[in-house]
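Only a predicted model underlies this, so the values are computations on that prediction, with no experimental measurement involved. Counting from 1, the numbers follow the sequence of the chain as shown.
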Amino acid sequence: MDKFFKRTLVCAAVASAAAVGSANAAVQVVGDAVTFYGQAAGSVIYDIKDNQDNSMIADIESRIGFRGVVEFEDLAPNFIWQMEGGNANNGTNSGGLGVRDTYLGFDWEGFGNIKFGRQLVAAYNLVDAHTNPGTGGVFDSATDIGVAYEGRADHVIRYDSANWNGFTLSATLSGTAETFDAKTVSFAGAYQNDNMLLHAGYYDRGETEEKDVFINTTKLTTLELDGSDYWIVGAYFFLGDFTVNAAYRDASVDYAAGGSNSQESYSAAIQYTIDENWFVKAGYAHQGESSKSADFNGVDDSDTAITARVAYTLPSAILYFDVRDYDMDGEATSGDKTRLMFGTEYYW
């Protein structure tokens with residue numbers, strides 16, 4: 001389940017457009033130096049599947065965290081830190097505090113901040129911002145070309161600029177835990193005013209990855225990768241009661257044995273705010289057929305998601321009902337399903 005609130009420039013604007021209040025702020029434990037925050041979130045999900053038995057789960061994604069900003073008299077930058085726990089998932093998650101964004105860093109007024117630890121890579125913030133409601137399984141995917149792009153990762157060094165008259169910049173370095181040859185370099189830039197947000201990003205990873213290529217659950221081959229990258233462009237437009245967004249991503253991979261593969265993805269959504277509490281939203285995402293799909297048993301690996309949401313907002317909370325239709329791998333039906341969801345999220 002993708003989150004309604006995202007702690008990025010992009011999604012702060014989306015949350016504002018959806019008229020979600022902030023009556024319950026994070027709890028200060030030691031002033032700004034130590035604050036406690038979290039969310040109680042979950043949904044009941046009923047999947048109507050084309051070629052399998054239908055199923056229903058109660059998906060719990062509650063999590064908590066601590067963060068702070070410390071000002072020193074004898075040091076110009078502020079010290080910033082965060083420790084965040086993983087999703088509860090009914091106790092099935094494999095980690096606790098520190099599984100999500102957990103870092104240390106320094107923040108300079110007018111310059112921005114530099115942090116190191118477990119974080120999102122810069123370009124993924126843009127990908128994530130175009131996956132609501134429920135289109136991430138199509139737009140945020142590259143399994144067809146045999147690569148797992150980093151989203152949230154360990155050992156990330158990240159720079160986020162200050163806001164320079166509407167312009168912001170982010171850059172990350174990661175992926176070097178085993179060899180620097182596998183380094184991931186990622187950039188994202190944005191411009192925002194009262195009516196629109198424009199952004200673009202680039203991701204590049206080096207060699208030595210080995211990934212399996214799947215069509216649904218069928219393993220086709222294992223490939224050693226000589227490098228992978230993607231670029232993404234997107235925009236949000238704030239048009240009174242309407243918010244419209246769209247993005248395009250072009251992903252590619254080079255195989256160590258020679259040759260390459262690529263795949264394009266599109267995402268779009270429109271939201272209409274009915275009044276101070278209600279809004280409706282529709283989303284669409286499509287991932288085209290990969291350029292090498294014919295080499296993998298001639299299987300069409302294109303995917304499409306069409307989704308809709310009706311939501312009721314309260315200060316620091318949202319209740320929603322989603323209908324999501326997924327058409328995976330072209331004419332194949334083994335991965336196709338319609339998902340019905342009722343969920344709630346409460347933040348402090």
**OP:** Carefully, step by step, assess Met56 and Val44 under the rule side chain to side chain contact (heavy atoms under 4.5 Å, CB included).
**Re:** CA-CA 7 Å; Met56 185 173 72; Val44 177; 4.0 Å; yes
Taking only distance into account, with no hydrogens and no angle test, what donor-acceptor pairs under 3.5 Å do side-chain atoms of residues 105-114 form with protein atoms, sequence neighbours excluded?
{"unit_1": "Asn113", "atom_1": "OD1", "unit_2": "Lys115", "atom_2": "NZ", "d": "3.1"}

Subject >> Side chain His286, main chain Asp303, donor-acceptor under 3.5 Å >> reply: yes
Original post:
Under 3.5 Å, is there a donor-acceptor pair between the side chain of Ser316 and the main chain of Trp348?
Top reply: no
Subject >> Aromatic contact, Tyr191 with Phe167 (centres under 6.0 Å) >> reply: yes
Original post:
Looking at Phe238, Phe279, Tyr272, which one forms a side chain to side chain contact (heavy atoms under 4.5 Å, CB included) with Thr243?
Top reply: Phe238
Subject >> Trp231 (side chain) donor-acceptor with Tyr248 (main chain) under 3.5 angstrom >> reply: no
Original post:
Can Asp322 and Arg339 be counted as an ion pair, charged N to O under 4.0 angstrom?
Top reply: no
Subject >> Exercise: identify the closest heavy-atom pair between Val280 and Ile274 >> reply: CG1-CD1, 4.1 Å
Original post:
Gln119 side chain to Val156 main-chain N or O, any donor-acceptor pair under 3.5 Å?
Top reply: yes
**OP:** Compare every heavy atom of Arg100 with every heavy atom of Glu84, then report the nearest pair and how far apart it is.
**Re:** OE2-NE, 2.8 Å
Original post:
Is the side chain of Ser43 donor-acceptor paired with the backbone N or O of Ile45 at a distance under 3.5 Å, no angle test?
Top reply: no
Original post:
Under the 3.5 angstrom rule, does the side chain of Ser302 hit a backbone N or O of Asp329 as a donor-acceptor pair?
Top reply: no
Subject >> The single option from Phe139, Tyr203, Tyr124, Tyr202 passing ring pair (Phe, Tyr, Trp, His ring centres under 6.0 Å) against Tyr149 >> reply: Tyr203
Original post:
Is there a donor-acceptor contact under 3.5 Å from the side chain of Arg158 to the main chain of Leu120?
Top reply: yes
Subject >> Between Asp241 and Thr273: side-chain donor-acceptor atoms closer than 3.5 Å >> reply: no
**OP:** Say whether Asn163 and Thr168, considering side chains only, have a donor N or O and an acceptor N or O under 3.5 Å apart.
**Re:** no
**OP:** Verify, without hydrogens or angle tests, whether Asn245 (side chain) and Ala235 (backbone) share a donor-acceptor contact under 3.5 angstrom.
**Re:** no
Original post:
Which atom pair, heavy atoms only, marks the closest approach of Arg205 to Gly175?
Top reply: NH2-O, 3.9 Å
Original post:
Any chance the side chains of Gln287 and Ser265 put a donor and an acceptor closer than 3.5 Å?
Top reply: yes
Original post:
Parallel, tilted or perpendicular for His130 and His199, by the 30°/60° rule?
Top reply: perpendicular
Original post:
Do Val310 and Tyr46 share a hydrophobic cluster (ILVMFWY, side-chain heavy atoms under 4.5 Å, transitive)?
Top reply: no
Original post:
When you look at Tyr284 and Thr304, which way does the side chain to side chain contact (heavy atoms under 4.5 Å, CB included) test go after all the steps?
Top reply: CA-CA 8 Å; Tyr284 171 83; Thr304 301; 3.7 Å; yes
